[in-house]
Amino acid sequence: MKRRSNSLKFHHIWKRKLFAMLLCFSCFTILLLVESQYSPIQMLTFVSPPTIAKPKIACLFIARNRIPLDMVWDAFFRGDEENRFSIYVHSRPGFLLNKATTRSPYFLNRQINDSIQVDWGEASMIQAERILLQNALMHPLNERFIFLSDSCIPLYNFSYVYDYIMSTNTSFVDSFADTKEGRYNPKMGPVIPVDNWRKGSQWVVLTRKHVETIVQDDSVFPMFQWHCKKRSLPEFWRETALPADASKEHNCIPDEHYVQTLLAQKGLEGEITRRSLTHSSWDLSSSKDPERRGWHPLTYKLADSSPMLIQSIKDIDNIYYETEYRREWCTSKGKPSKCFLFARKFTRPAALRLLNTSVLGISSEATSRA
Ligand SMILES: *[C@@H]1O[C@H](CO)[C@@H](O)[C@H](O)[C@H]1NC(C)=O
Ligand SMILES: *[C@@H]1O[C@H](CO)[C@@H](O)[C@H](O)[C@H]1NC(C)=O
Ligand SMILES: *[C@@H]1O[C@H](CO)[C@@H](O)[C@H](O)[C@H]1NC(C)=O
Ligand SMILES: *[C@@H]1O[C@H](CO)[C@@H](O)[C@H](O)[C@H]1NC(C)=O
């Protein structure tokens with residue numbers, strides 16, 4: 001009897017141990033499953049919350065020489081206390097960004113050392129973009145990559161911009177099927193079928209995954225180098241007669257097609273939000289010829305750059321895409337939102353005037369320091 005109860009007891013303990021083991025095992029499995037839902041960075045956060053570095057936004061400046069609006073960006077970056085950004089500048093080879101050419105410490109030592117000569121409308125522009133992306137990819141914490149021009153300003157403070165961009169796991173790429181005759185060169189056909197031909201803005205925000213795709217691309221980029229060339233600039237057309245065979249020349253603007261077409265080509269369009277976060281005003285009035293119209297964005301000078309202008313850009317909450325009869329209502333985190341976080345083109349006096357007002361949400365400190 002005693003023996004039996006002993007064995008029963010033993011049986012009982014053994015069962016309890018097994019149960020505990022199973023429980024432990026399933027906890028571990030659940031933990032693994034939960035963790036696999038998160039990126040490596042979030043996994044680390046899961047393990048040790050307070051010390052881990054936050055993912056960064058890489059700001060990629062494409063400049064001719066200096067960054068004329070550096071003091072506006074200086075005020076913008078100063079608004080971040082958590083080291084959530086990194087800066088890369090592509091200026092022409094030979095130009096040196098140093099204490100003599102920028103007053104903002106954020107830009108010192110941020111110039112990439114393998115820049116190339118960029119010619120407007122040539123494939124060298126997309127090559128410069130790829131070089132910037134390659135450099136920024138080396139930093140493992142860079143999770144989003146923004147192209148910024150030297151005439152571009154932020155419309156909000158850093159936290160707002162960061163949260164907006166990070167709230168979705170998509171790239172922001174304005175992209176539409178480009179049916180305009182003469183821009184697609186059928187010689188690309190074997191590699192890039194016309195169905196994958198896209199157009200959009202150069203000023204995109206990319207996820208790390210899409211940046212890796214661009215940097216690794218060795219099929220679409222060579223097609224652009226060989227078969228995507230701009231026709232002579234429209235300004236020159238005004239003075240000289242159109243070349244007799246102009247209609248046969250292909251008029252392709254590489255940087256307005258490359259990222260869009262590559263993402264279509266790789267079947268990644270499901271991972272983009274199809275709009276640009278950078279506002280440009282197109283000059284629709286200066287030319288009656290639809291072929292020439294809208295070639296260059298307006299540049300805002302000192303007299304044009306009022307807080308009202310900025311407020312009117314900030315108020316935009318939908319975009320109409322003429323060629324597709326498509327109206328995009330802007331959303332963020334599933335709620336209606338502002339469409340634009342950045343705007344161009346601004347001269348230096350215009351941007352400094354805006355910095356002096358409160359409309360960009362980054363002004364007060366900046367003026368007191370300067
Ligand atoms: C250029 O920069 C890269 C990375 O920042 C560095 O590894 C390399 O040594 C630099 N090259 C030159 C020639 O300074
Ligand atoms: C940043 O801007 C947003 C939107 O304008 C505002 O609600 C928020 O208070 C600002 N945050 C900081 C830290 O200034
Ligand atoms: C974001 O997307 C990438 C690639 O599509 C994926 O690997 C990653 O797990 C996603 N992260 C989150 C937080 O959804
Ligand atoms: C900035 O504002 C101050 C005072 O509000 C004014 O004295 C100064 O002229 C302004 N600067 C510019 C560039 O508008």
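Start at 1 and go down the list; that is how both ligands and their atoms are numbered. Quick note: numbers below take in every heavy atom, side chains included, and nothing from hydrogens, waters or symmetry partners. Just so it is clear, the structure is predicted and the values come from calculations on it, not from any experiment.
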Would the [X] and [Y] ring centres measure less than 6.0 Å apart?
X	Y	value
Phe224	Trp197	yes
Phe61	Trp73	yes
Phe85	Tyr106	yes

Q: Heavy-atom contacts with Asn157 under 4.0 Å: which atoms of ligand 2 show up? List them by number with element.
A: 1 (C), 2 (O), 3 (C), 8 (C), 10 (C), 11 (N), 12 (C), 14 (O)
**Q.** Phe340 and His279 aromatic ring geometry - parallel, tilted or perpendicular at 30°/60° bounds
**A.**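 Aromatic pair His279/Phe340 classed perpendicular.
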Q.
Give me the atom names and distance for the closest heavy-atom approach of Asp74 to Ser104.
A. OD2-OG, 2.7 Å
Q) Hey, which residues fall under 4.0 Å of ligand 1 on heavy atoms? A) Asn113
Q. Quick one: side-chain hydrogen bond (donor to acceptor under 3.5 Å, both in side chains) partners of Glu212, sequence neighbours excluded?
A. none
